[in-house]
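Quick caveat, the model's predicted, so the values are computed rather than measured. The basis for the numbers below is simple: all heavy atoms, side chains too, and nothing from hydrogens, waters or symmetry mates. Below, read A as the first sequence line, B as the second, and so on, with proteins coming before strands; counting in each chain starts at 1.
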There are 2 protein chains.
Amino acid sequence: MIRVLRNHITGRLGNDLDNLDKVLSIFKHITTKRNEQLLQQGDICKYVYFIAKGCLQVYVYDKDFNETTRDIVVEDNWCSELLSFGSGKPATENIRTVEPCELFAIDRQNFQTLIETVPQFDKVYKQILEASYANSVYRINTFVSMSALDRIKWLMEYRPMLMTRISSKLIASYLGINKDVFSRLKAKL
Amino acid sequence: MIRVLRNHITGRLGNDLDNLDKVLSIFKHITTKRNEQLLQQGDICKYVYFIAKGCLQVYVYDKDFNETTRDIVVEDNWCSELLSFGSGKPATENIRTVEPCELFAIDRQNFQTLIETVPQFDKVYKQILEASYANSVYRINTFVSMSALDRIKWLMEYRPMLMTRISSKLIASYLGINKDVFSRLKAKL
DNA sequence: GTAAAACATCGACTTTTGTCATCGTTCACG
DNA sequence: CGTGAACGATGACAAAAGTCGATGTTTTAC
């Protein structure tokens with residue numbers, strides 16, 4: 001599984017990283033079941049996770065305590081509550097596994113060490129941040145400019161695998177739609 | 001007006017920046033009227049703007065060519081289409097002034113030079129990115145977890161000055177609500 | 001393997017949100 | 001300082017989205 005992380009890193013920083021194995025050894029390999037809680041809001045987010053296999057849900061609660069999903073992140077991507085991780089302040093979001101996962105976690109201190117010993121790694125952080133931001137921008141634009149039906153079409157076009165892989169309930173909460181409405185709209189396509 | 005930018009920078013990097021004036025001189029001072037177009041989607045975003053005075057709207061069009069507002073940015077903040085600015089790819093968003101503005105613009109090349117000559121400035125970029133991201137995260141969460149009425153209440157709590165300063169039409173498009181609906185809901189508060 | 005729980009769909013109904021037309025009001029700009 | 005365009009409010013109606021209960025299906029967990 002570490003192979004996935006290795007490929008991810010060399011894909012970004014190139015092969016000329018002679019201490020790559022040392023870098024990889026800093027990460028903690030975690031195997032989880034489905035539905036495991038990785039972060040609870042109010043706690044401080046200690047890790048950035050690289051997902052080698054599986055899928056994570058980043059979510060908050062609305063005023064009626066329904067889960068609402070800010071993001072769904074799949075393998076070959078990074079996931080964290082970056083704002084808490086970066087600042088050390090309590091997290092405002094929750095993270096849990098949606099499927100059994102293979103994760104590689106790195107805590108703040110090791111991340112810091114990594115950046116100092118491998119300066120290029122600063123780039124990786126910037127890339128994680130930029131990718132997260134880009135993702136957010138697109139997502140906001142779907143909300144301000146699209147109806148529920150159009151958001152479903154959008155998802156089918158840009159993240160089609162989610163439709164088959166993830167439960168309807170979860171997808172509905174990702175799209176900000178009630179699950180019954182989602183079920184009906186989907187039937188109309 | 002450059003004073004605002006100076007304060008912003010020293011507030012983040014401290015006073016121990018001996019070449020601060022040189023740094024400041026890199027920025028291009030721009031005075032605009034209201035309703036000036038700073039960026040058109042499809043073009044490459046050449047600048048990051050620091051807003052010393054005034055207010056900018058970042059927007060896209062929905063399928064019926066209505067403007068939908070991804071962000072409203074006021075003075076003492078940075079504004080850009082970071083994804084285009086960073087990658088050199090065409091922008092997917094538009095930016096215009098909402099009020100007469102005093103801006104300080106920096107292009108990509110100067111930004112690069114700046115980071116090389118004043119390494120701490122890399123931090124500023126990271127901060128801009130992080131602030132933009134944080135903002136986005138909150139915004140997504142309001143969309144997935146709140147009704148139109150609750151989004152209005154949210155805005156009144158967290159960005160109350162916008163309610164008095166900005167036209168209802170613009171606020172409605174920022175909240176992803178039809179302007180007539182916004183008018184009615186506001187009356188009910 | 002099986003029982004319990006979670007999930008998906010659907011119909012009937014309610015609430016919320018959107019649309020359109022109208023009518024004062026305000027405000028930008030010459 | 002006047003005027004035309006943009007703005008804001010509102011009523012009537014339409015469409016979209018949410019709620020609830022029922023039912024059959026799938027999944028999970030022991």
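For A:Asn94, the side chain to side chain contact (heavy atoms under 4.5 Å, CB included) partners are A:Gln37, A:Gln40, A:Gln41, A:Tyr59, A:Tyr61, not counting sequence neighbours. With sequence neighbours left out, the side chain to side chain contact (heavy atoms under 4.5 Å, CB included) criterion links A:Asn35 to A:Arg96. For the ring-ring contact (aromatic ring centres under 6.0 Å, His included) test, residues two or more places apart in sequence or in another chain that qualify with B:Tyr158 are B:Trp154. Take B:Tyr133 and apply the side chain to side chain donor-acceptor pair (under 3.5 Å) test, not counting sequence neighbours, and it matches no residue.
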Per-nucleotide protein contact string for nucleotides 8-30 of chain C, where B marks a base within reach and S marks sugar-phosphate only (heavy atoms under 4.0 Å, - for neither): SBB------SBBB----------
Please tabulate, for side-chain N and O atoms in residues 179-189 of chain A, each donor-acceptor pair with protein atoms closer than 3.5 Å (sequence neighbours left out).
residue, atom, partner, partner atom, Å
A:Lys186, NZ, A:Ser168, OG, 3.1

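With a 6.0 Å radius and a threshold of 12 heavy atoms from other residues, nucleotides or ligands, B:Tyr138 has its OH atom at or below the threshold.
First and last contacts of DNA chain D with chain A, using any nucleotide atom under 4.0 Å from a protein heavy atom and ordered 5' to 3', fall at D:dA17 to D:dT28.
The two atoms that bring B:Val74 and B:Cys55 nearest to each other are CG1-SG, 4.1 Å, heavy atoms only.
Using a 4.0 Å cut-off on heavy atoms, none of the residues of residues 51-60 of chain B approach DNA chain D.
A donor-acceptor distance shorter than 3.5 angstrom exists from the side chain of B:Thr142 to the backbone of B:Arg139, with no hydrogens or angles considered. Not one N or O on the side chain of B:Thr31 forms a donor-acceptor pair closer than 3.5 Å with the backbone of B:Glu102.
Here salt bridge (charged side-chain N to carboxylate O under 4.0 Å, His left out) pairs that include residues 155-168 of chain B, with residues two or more places apart or in two chains, are B:Asp71-B:Arg159, B:Glu75-B:Arg165, B:Glu99-B:Arg165.
If you chain together ILVMFWY residues whose side-chain heavy atoms come under 4.5 Å of each other, B:Phe65 ends up in a group of its own. Grouping Ile, Leu, Val, Met, Phe, Trp and Tyr by side-chain contacts under 4.5 Å, direct or through others, puts B:Ile95 with B:Ile30, B:Leu38, B:Leu39, B:Tyr47, B:Tyr49, B:Ile51, B:Leu56, B:Val58, B:Val73, B:Leu103.
If one axis is set at each end of the helix from C:dG1-D:dC30 to C:dG30-D:dC1 from five pairs, those axes are 80° apart, to 10°.
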